[in-house]
Structure formats: structure tokens, C-alpha cells
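Along the sequence shown, residues are numbered consecutively beginning with 1. Predicted model, so just to flag it, every value in this text is computed and none were measured.
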Amino acid sequence: MNKKYLWNLLAFMMVAMLSVSFTACSSDDDDEDDGVDTTPISLLAGQNKTIQGADTISTSNRFVAYASKNVVYGWHVGEAALVVNGRKTISITVLPAYHLYDDPVCDWGCDINYVKTNQKQGTFSRKSTDTLLAYEDAGAASTLAYSFENRKLKAVMAVVSTKHSSQYASYLAERYLMLPFYKGEDTYFIGADNIELADANTVVVMQVYSASQLVTMYMPASDYSTRSSQSSFDIENRAKNLLKELPL
């Protein structure tokens, strides 16, 4: 091969490579200048925030936060990661606006000592047993009770005064995706801590127990199946049985 031709070919290739490299660097620099602030975001449930410089936003957990164009919305209490313009990541924390009582321990399958260690709010009830751990005056919950089967946490129940009705609905809706359920003339509200029941940890059922009391049952999502028409009735029966044991 002619040496002069070979040298010209090599020179051309080097110029082409430098040109591509310069173009890529310029593009990266342009991306870096999109003006997106990656400072972590904190929102109350129900609040929203505009992300300056965002063309697209995706979220790691749509139950916690979702986005439309350049606006992110806090939906349920929790944490998630936002990916802006397909490249930059912002952590987001959605906080509750309502604090009627501390979230109960819902580490299903844990033992009674674990609950005692982690339940910080309320006064320990002397009426507690080996299968029922009860606390009184836990914030707005007059009674908070933990039920155990085979020494493992199986259900939690909160009893709240009806004077907190409006706030209580918002309190639960900040933490769970709540939907109404009707049985005859009775209305229940059933919720889960995820959009998909298969990915949920906890299912809650809230109902009016009396003129003065609202009762919410917490249970493992694995114990509840939307495919069974008996699911809600089973929860109701379990709630009634647990109520009989509570030191009300």
C-alpha cells in the first residue's frame, strides 16, 4: 500500500474520531446544564412540586409519588426515587399531614417481645395476655391491640372515637389506598399499602363499630384475596372476635 495514502487515511480517521469525541462532550455538557436540582424533596401527602428543567419524570414507586410532565405529586406516605430526563435521580419523601396515632407495628410474623420493643406510644394494659397485647391511649386510638397466633403477630386493631371521623379518613388515606365495600346496609372501607395487592404488606378494614367508636383492623395482605367473595366477611368475623377480647 502506498505510504502517502496510508498516512492520509490515518490522518482522516484521527480527525473523524476527534470530531465525534468533541460532539459527545458538547452533548454531555448540554445535559449537565438542564438546570435540574437534585436536592432531595419532601412533600406532605397531597402536595405537589414542579421540577424545573424536567422534560420527563418517572418514579420508582407510583404508590408513594407519581408524576405528570414536570410535576411530581405526593400520594401516600413513604419514600421513592425520581428519575428526571432519564438521567438524574432525586429522592422524595412523602410525609403524613395527619398524626392521630403512630403507625402500628405491622411486621407480620414477629413475636410479642418485638412488638413490645417497637410500640412506643400508649400505656401498656394489664389486661394483656400471651395472645393479646393491648395499649391504651395511644394518641387518638383509645385502644391499640396486637393479636398473636402460635406466638406470631397475626392482626392489629385500633379503636378510635367517632369525633375523629373526618380526620381519621384522611389519616388512613395518606397511608393506604382506600376503597368502599358494601355488605347490606353496612359500609366498610378496605385499603392496602400498595397499588397491587400482590405487592402489599398490609390490608386494613375500617368500619363504624358503634355511635362512639370506629374500628380498624390491620392484617397481612397475604391473608386477603380479592378472588374470594368471603375475604371481607372473614375479616369482619375476625374483627368481631378480637373486639370481644379487648379491654374496652
Side-chain angles (χ1 to χ4, degrees), residues 13-108 118 120-121 139 166-180 189-204 206 216 218-222 224 226:
M13 291 176 64
M14 289 180 67
V15 170
M17 291 175 64
L18 287 172
S19 176
V20 170
S21 177
F22 178 77
T23 302
C25 289
S26 297
S27 177
D28 288 343
D29 289 340
D30 289 340
D31 288 342
E32 291 293 340
D33 293 336
D34 59 10
V36 175
D37 183 359
T38 57
T39 301
I41 297 171
S42 290
L43 295 176
L44 293 177
Q47 289 185 332
N48 64 76
K49 180 179 178 62
T50 299
I51 308 298
Q52 299 297 332
D55 295 318
T56 61
I57 304 174
S58 61
T59 174
S60 64
N61 191 330
R62 292 185 297 120
F63 179 78
V64 173
Y66 63 93
S68 176
K69 296 182 179 179
N70 64 338
V71 181
V72 61
Y73 299 83
W75 194 14
H76 294 100
V77 174
E79 297 180 350
L82 306 175
V83 178
V84 181
N85 298 339
R87 186 177 58 80
K88 290 188 174 180
T89 302
I90 305 174
S91 61
I92 180 170
T93 301
V94 178
L95 303 170
Y98 295 89
H99 301 270
L100 291 183
Y101 56 86
D102 291 346
D103 295 334
V105 178
C106 291
D107 296 304
W108 307 115
N118 290 278
K120 307 294 186 182
Q121 191 179 39
S166 60
Q167 287 188 339
Y168 197 36
S170 297
Y171 169 90
L172 291 173
E174 288 182 335
R175 294 159 173 81
Y176 300 92
L177 182 58
M178 303 295 294
L179 296 171
F189 291 90
I190 299 177
D193 59 358
N194 205 296
I195 295 175
E196 300 293 337
L197 184 60
D199 297 324
N201 177 63
T202 302
V203 165
V204 298
M206 190 270 279
T216 297
Y218 298 74
M219 64 181 295
S222 57
Y224 182 87
T226 54

Partner residues of [X] under the side chain to side chain donor-acceptor pair (under 3.5 Å) criterion, sequence neighbours left out:
X      : answer
Thr50  : none
Thr59  : none
Asn118 : none

Could you tell me whether the side chain of [Y] reaches within less than 4.5 Å of the side chain of [X], counting heavy atoms only?
X      : Y      : answer
Val84  : Thr38  : no
Tyr176 : Tyr218 : yes
Ile90  : Val36  : yes

Sequence neighbours left out, cut at 3.5 Å: what donor-acceptor pairs do the side chains of residues 40-49 make with other protein atoms?
from, atom 1, to, atom 2, distance (Å)
Gln47, OE1, Leu44, N, 2.9

Measuring from [X]:[atom1] to [Y]:[atom2], what's the distance to the nearest 0.5 Å?
X      : Y      : atom1 : atom2 : value
Leu177 : Ile190 : CG    : CD1   : 12.0 Å
Lys88  : Leu82  : NZ    : CG    : 14.0 Å
Leu172 : Thr216 : CG    : OG1   : 5.0 Å

Indicate the atoms forming the closest heavy-atom contact of Gly74 with Val94, along with that distance. CA-CG2, 3.8 Å
Minimal non-hydrogen separation, Ala192 against Leu197, with atom names: CB-CD1, 4.3 Å
Who passes side-chain contact (heavy atoms from CB on, under 4.5 Å) against Thr89, sequence neighbours left out? Ala81, Val83
Report the residues that fulfil side-chain contact (heavy atoms from CB on, under 4.5 Å) with Thr56, sequence neighbours left out, ordered by chain and then residue number.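 Scan of Thr56 (side-chain contact (heavy atoms from CB on, under 4.5 Å), adjacent residues dropped) gives Asn85.
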Partner residues of Asp103 under the salt bridge (Lys or Arg N to Asp or Glu O under 4.0 Å) criterion, sequence neighbours left out: Arg175
Kindly state each residue pair satisfying salt bridge (charged side-chain N to carboxylate O under 4.0 Å, His left out) with at least one member in residues 57-74, sequence neighbours excluded.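 Not a single pair qualifies under salt bridge (charged side-chain N to carboxylate O under 4.0 Å, His left out).
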Considering only residues two or more places apart or on different chains, which pairs with a residue in residues 49-79 satisfy ring pair (Phe, Tyr, Trp, His ring centres under 6.0 Å)? Phe63-His76, Tyr66-Tyr73, Tyr66-Trp75
Give me each pair satisfying ring pair (Phe, Tyr, Trp, His ring centres under 6.0 Å) with a member in residues 78-107, each pair once, sequence neighbours excluded.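 For residues 78-107: Tyr101-Tyr171.
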Of all pairs that satisfy side chain to side chain donor-acceptor pair (under 3.5 Å), the ones with a partner from residues 190-202, not counting sequence neighbours: Trp108-Thr202
